[in-house]
Amino acid sequence: MQKWLALFQIGPVQEFIQTARKTQDYWTGSYLLSCLCEDAIKEVGTDNVIFPAWATAAAPGSASMIPNRFLAVLGDLSEDDAKCAMKSAANKAKDLWTGISEDVAKKFEQKTGCDVSKGPFAAEWKNQIDHAFEFLWVLHPWDGQDSSYSATYQALERLMGSRKASRWFEKPFSPGGPPCSLCGQRLAVLDADPAANPPPQRRTVWEDWKNFRTKDFTTRFRDNERLCAVCLVKRLAPDCASVFKFPRDVPSTSSIAVAGFLKATLPLSSTLEADWNTFKDYLSKKSPVPKAAGEPWSGHSVPGLTSRHPLAEVEGDWLIEDTYERLKGIEGIKGRPDRIKEIDELSEHLKNNVLKPAKEEILVGNLRSDQMPSKYFAVLTFDGDSMGSFLAGIKTPKEHRSFSLLISNFAHCQVPKIIESDHAGFLAYAGGDEGLAFLPLGDLLSTMSCLRSAWEKEVRTEITKQLPDAENPPTLSVGAVIAHHQQGLGRVIEEAFAALEQAKDFEEKDAFAVNIIRRSGAPVTARSRWVCKAIDTIDLLKTFVDCYHKAPDGLSTKWYRDAESMAKVLGDPPTEMSSTDRNALLGEGLQKLFAYESRRLLMRHDHSPAKENAERLAEPIASLRKGLFQNGEGNPFRGTMNLMDLAQFIADGGVR
């Protein structure tokens, strides 16, 4: 009988969560993983858990969630009993997943008459559900002494690394048939048996499925979606599974994109509410367009605006001008003058009752031009830096629990407040040192800055107080992507995580990166350390945005376009140059030229009488370029211009 350190993990996380066409898909995937891990933790006993800090772990239905892994101490058990405890935890999570899938299958049968647990689809359904997750766990004996804790924990992590590297190849999925239109990795469950006999049976089931989608879940499916068992469960679980005790209203990417407009106009309700209600009334009751287009007029806004703004219940698409031109090209409307006329009439209502009054508020200074409804939104992801090496230096279970409590407080208290109370965002997941959120374009820079500041105050500073012997407290890196609201969400999320990796490419990490995906043109990556040569990079970008909007004495964005012409002179040095000559040129030769030329262009395009905008910005931008070079940016000129591109894009509200 002895003590054991146990590590448990559910995977594959990336495949399950990031396979998302809708924001609802991403949140549901995170929620389900959280529920599974919660049941596994309860099975081994919450008092035994070192990570996550169970005292602050929020219910899975809240904005923040439980990570997909836990570390626990099992005491006074034989090896067989310890293994039995971990197997029981894994089985508890498996049983919950099976139960959720059965709830969905029952609802599916009620609505379509098709029982996926029997008939031609049963085998593939069971196969896909049974192989959706890996429930991995490892054990390592521990003598219970603080002096051996660190070495035992590191050995346990190595065991998990070896376990994840090993794969037991199970029975492969059945070949043939169309793939799932969401994940593309499994077969669409209603087309799992291409040899089904007679063929009309398959067509009948598909027609029933279309009716089911149309009548009962109009906002959850696209016309041509055919889903595998796993993606179908993920899509329908919030409406079918009993584990969803605290379901959240998840806004679409379009509603997130216009949330900045709703937030900015909220103080103007007394002036504009009558116009807003006129538009909403026409859209919801009198206009036939939503029904003809097969697009619901109502939706969900971000949590901070729900029930507060008269337009919060309007699906964001209807507040974006481009939507109306797009609708004219869809099937059932294209080529029909009557339908096109109806769309034009609704578009006029938007312009006259929403956009025109807002533009008038811009003229009197109550709004800024970048606070109009935007076509772009942002996805932000964050992650603690060098967590593995820091945890390897923790000496005792008490220290480990203290650290777990710090990052749990950050995830469950600070992050939801920053995302959903202080800004107009939606928090899809936050657990420990990592998370993902959706934001309107105008809130991106401020949110990034606030997250980093909260981490410094609530985690790093507290580590130095509570764990004075701990070395190199972890920093925080952020990756984000700006994308069009009609862009495929799967790619957007991939780009957000790619940006996070680009931020961590800096040698000392502690950085951010933002990928801008325009509707046309090549993507742009703007990245930097949080602080470059004593310059707070985010604060500098926010200052540029503010200077662009100091009408009529602001800074013209034309300065940036003229600065782009410097690329012909200050671009990459020839590849045949030696590294010594290249560094000398980039480090000193071009630095002075860049500082002079950027100041000249700022002065030229600054409309303030005393040129205070240019004076305020010239030296910091030169220092930023120098800092990027010293931090290892391969082309510091290009890197600086990409950051300026980010500031301009945000200032323009995504319009260029």
Side-chain angles (χ1 to χ4, degrees), residues 1-11 33-60 65-98 133-166 168 387-409 412 431-433 463 466-467 469-470:
M1 309 286 274
Q2 66 178 67
K3 293 183 181 296
W4 300 83
L5 282 188
L7 193 59
F8 178 94
Q9 183 167 321
I10 303 174
L33 276 175
S34 189
C35 290
L36 300 185
C37 199
E38 180 187 27
D39 265 28
I41 287 174
K42 289 179 177 178
E43 187 67 14
V44 300
T46 57
D47 292 341
N48 297 323
V49 175
I50 294 176
F51 172 83
W54 191 256
T56 60
M65 301 183 187
I66 298 166
N68 69 308
R69 64 172 0 219
F70 68 82
L71 172 69
V73 176
L74 305 181
D76 299 323
L77 295 175
S78 67
E79 181 175 356
D80 285 344
D81 287 343
K83 288 180 178 178
C84 224
M86 296 309 293
K87 288 179 181 177
S88 180
N91 288 334
K92 189 75 172 178
K94 288 179 184 177
D95 291 345
L96 178 59
W97 168 243
T98 301
F133 297 108
E134 290 180 315
F135 299 91
L136 309 178
W137 55 267
V138 290
L139 291 164
H140 197 287
W142 177 44
D143 60 12
Q145 302 300 310
D146 286 352
S147 58
S148 63
Y149 177 78
S150 179
T152 305
Y153 171 71
Q154 292 179 60
L156 185 71
E157 286 286 6
R158 288 194 294 270
L159 277 176
M160 179 57 81
S162 299
R163 175 64 183 86
K164 290 195 293 185
S166 304
W168 282 261
M387 294 292 290
S389 60
F390 176 77
L391 290 173
I394 286 183
K395 297 179 176 60
T396 68
K398 182 179 179 180
E399 288 185 354
H400 203 150
R401 281 192 168 97
S402 294
F403 178 67
S404 295
L405 186 59
L406 288 178
I407 62 173
S408 187
N409 278 328
H412 296 282
D433 65 311
I463 286 174
Q466 300 180 26
L467 308 173
D469 295 331

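Everything numeric here is computed off the predicted structure, so don't read it as measured data. Reckoned from all heavy atoms, side chains included, excluding hydrogens, waters and symmetry mates.
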**OP:** Might you work through the side chain to side chain contact (heavy atoms under 4.5 Å, CB included) test for I394 and Y153, ending with a clear yes or no?
**Re:** CA-CA 9 Å; I394 286 183; Y153 171 71; over 6 Å; no
Nearest 0.5 Å, please: how far is [atom2] in [Y] from [atom1] in [X]?
| X | Y | atom1 | atom2 | result |
| --- | --- | --- | --- | --- |
| F8 | L139 | CZ | CG | 12.0 Å |
| T152 | L5 | OG1 | CG | 6.0 Å |
| K164 | L136 | NZ | CG | 8.0 Å |
| H140 | L159 | NE2 | CG | 6.0 Å |
| Q9 | F135 | CD | CZ | 12.0 Å |

Quick one: list whatever passes side-chain hydrogen bond (donor to acceptor under 3.5 Å, both in side chains) with [X], sequence neighbours left out.
| X | result |
| --- | --- |
| K395 | none |
| H400 | Y149 |
| Q154 | S150 |
| D469 | none |

**OP:** Show your working on side chain to side chain contact (heavy atoms under 4.5 Å, CB included) between D143 and Q2 and close with a plain yes or no.
**Re:** CA-CA 7 Å; D143 60 12; Q2 66 178 67; over 6 Å; no
Original post:
Is there any salt bridge (Lys or Arg N to Asp or Glu O under 4.0 Å) pair reaching into residues 66-76, and which pairs are they, with sequence neighbours excluded?
Top reply: R69-E157
Closest non-hydrogen atom pair, [X] against [Y]:
| X | Y | result |
| --- | --- | --- |
| P67 | C37 | O-SG, 3.2 Å |
| K3 | G144 | CD-CA, 3.7 Å |
| S402 | L467 | CB-CD2, 4.4 Å |

Donor-acceptor list for residues 39-49 side chains, cut-off 3.5 Å, not counting sequence neighbours:
from: K42; atom 1: NZ; to: E38; atom 2: OE2; distance (Å): 3.4
from: E43; atom 1: OE2; to: S88; atom 2: OG; distance (Å): 2.6
from: N48; atom 1: ND2; to: V44; atom 2: O; distance (Å): 2.6

[Y] backbone acceptor or donor facing [X] side chain under 3.5 Å:
| X | Y | answer |
| --- | --- | --- |
| W4 | L77 | yes |
| S404 | I50 | yes |
| S162 | R158 | yes |

Subject >> Candidate pair M86 and L74, rule side chain to side chain contact (heavy atoms under 4.5 Å, CB included), full reasoning >> reply: CA-CA 10 Å; M86 296 309 293; L74 305 181; 4.1 Å; yes
Residues forming a side-chain contact (heavy atoms from CB on, under 4.5 Å) with [X], sequence neighbours excluded:
| X | value |
| --- | --- |
| K398 | T396 |
| K87 | W137 |
| L406 | E462, I463, Q466 |
| S78 | M1, D80, D81 |

**OP:** Begin from the C-alpha positions of F51 and L391 and carry the test side chain to side chain contact (heavy atoms under 4.5 Å, CB included) through to its verdict.
**Re:** CA-CA 11 Å; F51 172 83; L391 290 173; over 6 Å; no
Original post:
Quick one: ring-ring contact (aromatic ring centres under 6.0 Å, His included) partners of F390, sequence neighbours excluded?
Top reply: F403
